[in-house]
Amino acid sequence: MPTPHNNAVKGDIAKTVLMPGDPLRAKFIAENYLENPVCYNEVRGMLGFTGTYKGIKVSVQGSGMGMPSMGIYSWELFNEYDVENIIRIGTAGAVTDNVNLRDIVIGMSASTNSAYADQYRLPGTYAPTASWNILSAAVKSAEEKGSIFHVGNILSSDTFYDDADSLAQWQKMGVLAIEMESAALYMNAARANKNALCILTVSDCPLRNLSTTAEERQTSFRDMMEIALETAVKIN
Ligand code: HPA
């Protein structure tokens with residue numbers, strides 16, 4: 001059944017979905033890496049495609065920006081479309097000093113300043129965590145590719161422009177990088193008893209006032225896509 005946000009019917013979407021924030025990146029992956037891609041969603045421009053990569057069925061769909069948007073799309077994929085694995089691929093800002101522009105960051109856990117977990121009414125602080133099976137496959141894929149990568153805690157923030165300027169506090173706690181979606185993805189996966197991982201490429205260093213050029217972003221995004229696709233093959 002289509003949802004208010006997705007035209008797909010059950011069976012249109014593969015059990016593993018790659019989710020970039022930007023739907024045009026989903027289109028790029030479908031057109032450049034998948035065989036026989038079919039577009040299954042155009043609602044709100046949040047494009048989704050299913051095709052094959054090295055013989056396995058894979059889907060790619062935009063998540064939009066921020067946890068409310070990721071929350072909606074990933075919830076529907078897990079709970080309405082029988083998706084088993086979601087691999088977010090996106091950009092992040094470096095937080096710790098040893099993470100540099102263009103490095104890959106794999107989110108083992110996602111701290112957050114969002115209230116997303118309030119809905120579960122837990123008597124404590126939940127720790128949104130990646131799924132080990134996808135995490136270990138992604139580490140192998142990043143090693144095979146020879147990429148510079150880091151694995152650890154990331155921060156999923158509700159704000160891009162943050163008045164409190166609190167990044168230095170998160171840095172003290174060893175947070176590697178900041179982005180805006182993964183904590184909601186990890187919580188939706190846990191609640192649905194499904195699997196998720198986030199692979200990021202560092203596009204800027206907010207504490208050092210550095211950012212990549214558009215061309216650098218394109219190249220490092222390609223490396224990350226290839227790691228994610230190889231990860232999808234390994235967990236199939
Ligand atoms: N903050 C939040 N999200 C981001 C950033 C950032 O600096 N860079 C890329 N995604």
Side-chain angles (χ1 to χ4, degrees), residues 18-26 28-29 45-46 60-74 86-117 128-130 138 142 147-188 196-228:
L18 268 49
M19 291 191 90
D22 179 351
L24 292 180
R25 287 242 158 91
F28 178 88
I29 298 168
M46 202 54 79
V60 281
Q61 185 186 310
S63 69
M65 286 185 285
M67 283 175 271
S69 186
M70 169 57 95
I72 291 170
Y73 291 108
S74 62
I86 295 181
I87 305 173
R88 161 166 154 70
I89 46 177
T91 54
V95 178
T96 41
D97 285 337
N98 66 332
V99 173
N100 294 302
L101 290 178
R102 297 186 302 279
D103 288 1
I104 299 273
V105 173
I106 300 176
M108 185 157 69
S109 50
S111 298
T112 188
N113 55 17
S114 134
Y116 198 85
T129 307
S147 300
I148 299 172
F149 69 95
H150 312 263
V151 183
N153 193 7
I154 58 174
L155 171 66
S156 299
S157 177
D158 267 347
T159 47
F160 185 88
Y161 302 105
D162 188 53
D163 213 47
D165 225 359
S166 52
L167 222 44
Q169 299 299 117
W170 291 102
Q171 188 190 43
K172 287 184 204 163
M173 293 305 289
V175 163
L176 301 178
I178 177 171
E179 53 82 71
M180 303 184 74
E181 291 81 20
S182 297
L185 171 63
Y186 290 0
M187 286 188 252
N188 278 352
L197 178 71
C198 165
I199 307 174
L200 302 161
T201 161
V202 175
S203 59
D204 58 292
C205 302
L207 291 168
R208 284 170 269 164
N209 253 326
L210 301 170
S211 59
T212 45
T213 62
E215 196 185 323
E216 285 172 332
R217 274 198 289 281
Q218 200 61 30
T219 311
S220 53
F221 208 87
R222 267 187 179 268
D223 288 348
M224 177 179 57
M225 281 175 214
E226 289 163 17
I227 291 169

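Note: hydrogens, waters and symmetry copies are ignored here, and every other heavy atom, side chains too, is used. Counting starts at 1 for both ligands and their atoms, in listed order.
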**Request:** Would you please test Glu216 and Arg102 for side chain to side chain contact (heavy atoms under 4.5 Å, CB included) and show each step?
**Result:** CA-CA 7 Å; Glu216 285 172 332; Arg102 297 186 302 279; 3.0 Å; yes

**Request:** Report the residues that fulfil salt bridge (Lys or Arg N to Asp or Glu O under 4.0 Å) with Arg25, sequence neighbours left out, ordered by chain and then residue number.
**Result:** none

**Request:** Indicate the atoms forming the closest heavy-atom contact of Leu207 with Ala168, along with that distance.
**Result:**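 Residues Leu207 and Ala168, closest heavy atoms: CD2-N, 4.4 Å.
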
**Request:** Write out all pairs satisfying salt bridge (charged side-chain N to carboxylate O under 4.0 Å, His left out) with one or both partners inside residues 149-177, taking only residues at least two apart or from two chains.
**Result:** none

**Prompt:** So which protein residues pack against ligand 1 under 4.0 Å, heavy atoms counted?
**Reply:**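 Within 4.0 Å of ligand 1, protein side: Thr91, Ala92, Gly93, Phe160, Ile178, Glu179, Met180, Ser203, Asp204, Pro206.
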
Please set out all donor-acceptor pairs under 3.5 angstrom arising from side-chain atoms of residues 148-157, sequence neighbours excluded.
| unit_1 | atom_1 | unit_2 | atom_2 | d |
| --- | --- | --- | --- | --- |
| His150 | NE2 | Asp103 | OD2 | 2.8 |
| Asn153 | OD1 | Ser109 | OG | 3.2 |
| Asn153 | OD1 | Ser111 | N | 3.3 |
| Asn153 | OD1 | Ser111 | OG | 3.2 |
| Asn153 | ND2 | Ser111 | OG | 3.0 |
| Ser156 | OG | Glu179 | OE2 | 2.6 |
| Ser156 | OG | Ser182 | N | 3.3 |
| Ser156 | OG | Ala183 | N | 2.9 |
| Ser157 | OG | Asn113 | ND2 | 3.1 |
| Ser157 | OG | Thr159 | N | 3.0 |
| Ser157 | OG | Thr159 | O | 2.9 |
| Ser157 | OG | Thr159 | OG1 | 3.3 |

**Request:** For Ser147 and Asp223, test the side chains for any donor-to-acceptor distance below 3.5 angstrom and give the result as yes or no.
**Result:**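 On atom types as modelled, these side chains do not qualify, holding no pair under 3.5 Å.
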
